[in-house]
**Q** 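I'd like to ask you about the structure that follows.
Order of the sequence lines fixes the chain letters, A, B, ..., with proteins taken first and strands second; residue numbering starts at 1 for each chain.
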Amino acid sequence: MLQRFTQALIPTVKETPAEATNASHILLMRGGFVRQIGAGIYNFLPLGLRVLRKIENVVRQEMDRAGAQEVLMPALLPGEYFKETGRWDLYGDVLFRIRDRKGGDYHLGPTHEEIITDMVRREVKSYRQLPLNLYQIQTKFRDEPRPRGGIMRGREFTMKDAYSFDVDEAGALKSYENMRDAYRRIFDRLGLTYRIVQADSGAIGGKTSAEFQVLADSGEDAIVACDACDYAANVEAAEIGQTPPGPEFPKEETREVHTPGKGAIADVAKFLKVNAKRFLKSLLYVTPASDAHPQGEVVMACVRGDHEVNEIKLANALGVREVHLATEADIERATGANVGYAGPIGFAGRVLVDPGGAELTNAVTGANKTDYHLMGVNLSRGDYKADVKDIRSASEGDPCPRCAARGESGKFKAYKGIEGGHIFILGTHYSSKMRATFLAQDGSEKPIVMGCYGIGISRLVASAVEQHHDADGIQWPQAIAPYHVHLCTLGTEPEVMQAAKGLCDALVERGIDVLWDDRDERPGVKFKDADLVGLPWRVTIGAKTLARSECELKARSNRDPKGHELLTLADAPEAIAVKLGMGR
RNA sequence: CUGGGUGUAGCUCAGUCCGGCCAGAGCGCCUGCUUCGGGAGCAGGAGAUCGCAGGUUCGAAUCCUGCCACCCAGACCA
């Protein structure tokens with residue numbers, strides 16, 4: 001189609017909006033794609049909506065191709081469904097709750113597992129009706145504690161969510177793999193650089209799950225990927241390969257050293273002139289209250305001084321839902337010392353130690369006595385009793401678990417990612433709670449085995465910009481650019497306008513979408529706006545080139561301001577079509 | 001939720017400490033002239049309940065109290 005700039009609402013602005021901090025937010029605002037109307041709430045202007053629709057259509061095509069069927073569930077939901085699975089309470093403040101005129105509980109949908117499960121349990125009775133894969137593209141609502149990054153993390157956002165229904169685990173796994181393949185095609189087609197990473201599946205359901213992480217320095221998620229094989233994982237979930245044993249040092253006697261006023265590892269390391277890597281960092285955590293521990297259990301987590309405790313792994317290792325860092329008072333009560341002097345030796349409670357800490361020889365750690373540390377500590381000698389468990393976050397340089405298992409030496413590289421998609425097998429978590437069952441071939445009643453698969457459509461708009469931009473503006477991948485060609489006419493002479501119209505018609509006839517900047521503006525203004533809006537190809541027609549029946553073609557990705565080629569007006573349509581892969 | 005910050009023209013900001021010219025600038029917008037290949041020049045013009053409510057004062061954008069909104073860091077994120 002052809003859109004004339006003079007008839008469009010494309011309010012580009014020169015100045016950086018005060019509230020925008022990251023590149024995508026700034027450029028989407030400046031380019032006139034979106035406007036904020038509240039915290040985490042945005043208008044999509046015409047250009048922004050076109051990008052959103054392009055992404056939706058790619059997703060739709062690939063979901064349909066994968067055998068999924070599109071449905072549409074309401075955004076406004078009666079509370080009873082979430083109450084049925086307990087998420088009415090579990091979701092807490094993130095749920096946007098509403099009352100109707102009769103005082104009934106309603107909420108805006110943050111996700112739709114319950115509703116789809118209800119849809120299916122009403123209709124599906126037999127194994128003959130399975131497997132089934134249903135998806136929707138719908139607006140979701142989450143009252144995020146802190147929306148940020150423009151449409152990157154909004155409180156209202158567009159999401160594609162799909163749900164698979166199978167007769168057994170094997171079937172669910174097949175559905176899962178089918179979706180993973182579909183997601184690969186989607187992310188490839190969108191022109192995004194991404195990694196499929198192993199993820200923590202969170203509190204609800206699933207052992208098998210993967211995130212599609214769009215790589216970008218501004219991403220909120222830390223991920224590690226092996227430099228030798230294709231293993232990649234969220235640092236929260238990354239397994240860590242065994243390090244080969246280092247050289248043996250003679251074990252020293254454990255001894256107490258006076259370290260007055262030095263609590264922090266960096267300070268003690270400097271004071272004792274010992275590398276932080278030789279420290280055993282001891283942190284105290286409290287588990288949620290349970291029958292055995294009505295006040296919660298205080299446990300010690302030990303890692304090497306330069307490593308970080310991973311609370312998710314720690315909670316998993318302890319078999320509890322979550323853990324919280326102990327308060328100062330708890331620490332003093334549990335260790336009998338000020339904060340900064342905790343250590344495993346002589347600690348009364350349970351101690352978990354990471355393998356990296358356990359293998360330390362002659363380590364330094366707190367003495368559970370204010371102003372004192374211990375040197376020459378060795379777990380291998382039996383200086384203290386601890387469960388050795390992987391409880392730390394992976395970081396750059398750690399050995400890859402897959403490679404290590406094969407005796408190879410792949411190492412992690414660290415990346416930042418934006419979670420663009422998340423797939424996982426839910427099992428029967430929802431179906432058993434909601435009695436979504438079917439009659440199997442043998443006549444028995446079984447819960448349906450489910451999977452769920454999300455893609456943050458509006459987030460991908462921002463992700464694409466994060467990955468494809470320069471100092472002047474956006475550089476849309478062709479598949480999601482709002483238009484293919486940005487036509488700049490210089491001057492408004494009838495001949496120029498006529499030639500431009502002719503070119504537009506020829507392009508449109510080939511299925512090419514054109515934004516024609518027909519404004520009476522100076523060339524500089526038009527070029528700046530073209531760079532900002534970021535369509536993949538720019539065509540320029542001015543009196544000079546027109547005199548030779550020529551126009552200019554320049555790729556947005558070409559950084560050379562004069563990096564254009566001359567085409568005759570007659571050849572231009574087909575030449576451009578060929579560039580776009582839309583030639584005849 | 002904790003801590004910090006900001007609300008003045010469509011946008012970006014100055015003015016607020018230390019109350020008193022008429023509430024300012026740049027960009028954008030409108031009119032005219034000139035200009036026309038990387039955000040032009042000149043001249044003229046429109047545009048503001050200074051976030052809201054209350055208070056102090058002869059007088060409040062400025063001081064006090066309360067509220068609201070937005071941003072940033074963290075916590076949080078099926």
**Q** Can you tell me which nucleotide in B:C77, B:G37, B:C70 comes closest to the side chain of A:Lys544?
**A** B:G37
**Q** Could you please name the option among B:A73, B:C71, B:A40 that lies closest to any side-chain atom of A:Arg146?
**A** B:A73
**Q** Going by the salt bridge (Lys or Arg N to Asp or Glu O under 4.0 Å) test, which pairs reach into residues 145-155 of chain A, not counting sequence neighbours?
**A** A:Asp143-A:Arg155, A:Glu144-A:Arg153, A:Arg148-A:Glu220, A:Arg153-A:Glu220
**Q** Go through B:C76, B:G39, B:G37 for me and flag the one nearest to the A:Pro145 side chain.
**A** B:C76
**Q** What's A:Thr492 touching, base or sugar-phosphate or nothing? Going by heavy atoms closer than 4.0 Å.
**A** nothing
**Q** Please work out if A:Glu113 contacts a base, only the sugar-phosphate, or nothing of the nucleic acid, heavy-atom cut-off 4.0 Å.
**A** nothing
**Q** Taking the same atom, C1', in B:A78 and in B:G4, what whole-Å distance lies between them?
**A** 31 Å
**Q** A:Leu77 has an atom CG; how far is it from atom C1' of B:A78, in whole Å?
**A** 14 Å
**Q** Quick one: the side chain of A:Arg538 and the base of B:G38, do they pair up donor-acceptor inside 3.5 Å?
**A** yes
**Q** Answer yes or no on whether A:Arg538 is positioned over the face of A:Phe527, meaning its NZ or CZ is under 6.0 Å from the six-membered ring centre and within 45° of the axis.
**A** yes
**Q** In whole Å, what is the span from the CD1 atom of A:Ile455 to the P atom of B:A78?
**A** 18 Å
**Q** What residues form a salt bridge (Lys or Arg N to Asp or Glu O under 4.0 Å) with A:Glu466, not counting sequence neighbours?
**A** none
**Q** Do the side-chain N and O atoms of A:Asp520 and A:Thr492 include a donor-acceptor pair separated by under 3.5 angstrom?
**A** no
**Q** Can you sort out the partners of A:Tyr194 under ring pair (Phe, Tyr, Trp, His ring centres under 6.0 Å), two or more places apart, ordered by chain and number?
**A** A:Phe187, A:Phe212
**Q** For nucleotides 26-30 of chain B, print each protein N/O atom paired with a nucleotide N/O atom at under 3.5 Å, atom names and distance only.
**A**
from: B:G26; atom 1: N2; to: A:Glu15; atom 2: OE2; distance (Å): 2.7
from: B:C27; atom 1: O3'; to: A:Lys14; atom 2: NZ; distance (Å): 3.3
from: B:G28; atom 1: OP1; to: A:Lys14; atom 2: NZ; distance (Å): 3.4

**Q** Can you tell me how far P in B:U62 sits from the matching atom in B:U49, rounded to whole Å?
**A** 15 Å
**Q** Quick one: is A:Thr21 getting a side-chain N or O under 4.0 Å of the B:C72 phosphate, OP1 or OP2?
**A** yes
**Q** Give me each pair satisfying side chain to side chain donor-acceptor pair (under 3.5 Å) with a member in residues 71-84 of chain A, each pair once, sequence neighbours excluded.
**A** A:Tyr81-A:Arg122, A:Lys83-A:Asp105, A:Glu84-A:Arg121
**Q** Suppose you measure atom C1' in B:C18 against the same atom in B:A60; what distance do you get, rounded to whole Å?
**A** 14 Å
**Q** Base, sugar-phosphate, or nothing for A:Glu552, non-hydrogen atoms under 4.0 angstrom?
**A** base
**Q** Report the base-pairing partner of B:C1 (Watson-Crick or G-U wobble, both distances below 3.5 angstrom), or none.
**A** B:G74
**Q** How far does the C1' atom of B:A9 sit from the matching atom of B:G5, given to the nearest Å?
**A** 23 Å
**Q** Which pair of heavy atoms, one from A:Arg35 and one from A:Leu45, lies closest together, and at what distance?
**A** CG-CD1, 3.8 Å
**Q** Please work out if A:Asp529 contacts a base, only the sugar-phosphate, or nothing of the nucleic acid, heavy-atom cut-off 4.0 Å.
**A** base
**Q** Step through it carefully: locate the ring centre of A:Trp516, locate the ring centre of A:His486, and say whether they are under 6.0 Å apart.
**A** no
**Q** Whether the side chain of A:Arg153 and the base of B:C77 hold a donor-acceptor pair under 3.5 Å is what I'd like checked.
**A** yes
**Q** For B:G26, give the paired nucleotide (Watson-Crick: N1-N3 plus N6-O4 or O6-N4; G-U: N1-O2 and O6-N3; both under 3.5 Å), or none.
**A** B:C11
**Q** Counting only side-chain heavy atoms from C-beta out, which of B:C71, B:G37, B:A75 sits nearest to A:Arg148?
**A** B:A75
**Q** Could you tell me the separation between the CZ atom of A:Arg519 and the P atom of B:G39, rounded to a whole number of Å?
**A** 14 Å
**Q** For B:C29 versus B:G47, give the span between their C1' atoms, rounded off to a whole number of Å.
**A** 9 Å
**Q** Of the nucleotides B:A78, B:G38, B:C13, which has the atom closest to the A:Met159 side chain?
**A** B:A78
**Q** Searching all strands shown, indicate the nucleotide that pairs with B:G19 (Watson-Crick or G-U wobble; both distances under 3.5 Å).
**A** none
**Q** Considering only the P atoms, how many Å lie between B:C50 and B:G54, rounded to the nearest integer?
**A** 13 Å
**Q** From C-beta outward on A:Thr545, which listed nucleotide comes closest to its side chain: B:G39, B:C71, B:G37?
**A** B:G37
**Q** In whole angstrom, give me the gap between the P atoms of B:C72 and B:C63.
**A** 26 Å
**Q** Which listed nucleotide (B:C77, B:C71, B:A78) is nearest to the side chain of A:Phe424?
**A** B:A78
**Q** Which comes earlier along RNA chain B counting from the 5' end, the contact point of A:Ala543 or that of A:Glu311, where each point is its nearest nucleotide?
**A** A:Ala543
**Q** Taking any strand in view, what nucleotide pairs with B:A43 in a Watson-Crick or G-U wobble way, both distances under 3.5 Å?
**A** B:U31
**Q** Say we look at B:G15 and B:A75: how far apart would their C1' atoms be, to the nearest angstrom?
**A** 37 Å
**Q** From CE of A:Met152 over to P of B:C72, roughly how many Å is that when rounded to an integer?
**A** 12 Å
**Q** Should B:A69 form a Watson-Crick or G-U wobble pair with both distances under 3.5 Å, which nucleotide is its partner?
**A** B:U6
**Q** For residues 12-20 of chain A, which side-chain N or O atoms pair as donor and acceptor with protein atoms under 3.5 Å away, sequence neighbours left out?
**A**
from: A:Thr12; atom 1: OG1; to: A:Asp529; atom 2: OD1; distance (Å): 3.0
from: A:Thr12; atom 1: OG1; to: A:Asp529; atom 2: OD2; distance (Å): 3.3

**Q** Out of B:A78, B:A75, B:G39, which has the shortest distance to the side chain of A:Val525?
**A** B:G39
**Q** Within the 4.0 Å heavy-atom criterion, would you say A:Pro17 contacts the bases, only the backbone, or no part of the nucleic acid?
**A** sugar-phosphate
**Q** Tell me which nucleotide among B:G37, B:U35, B:A75 gets nearest to the side chain of A:Arg522.
**A** B:U35
**Q** Is the count of non-hydrogen atoms from other residues, nucleotides or ligands lying under 6.0 Å from A:Asp217 atom CG greater than 12?
**A** no
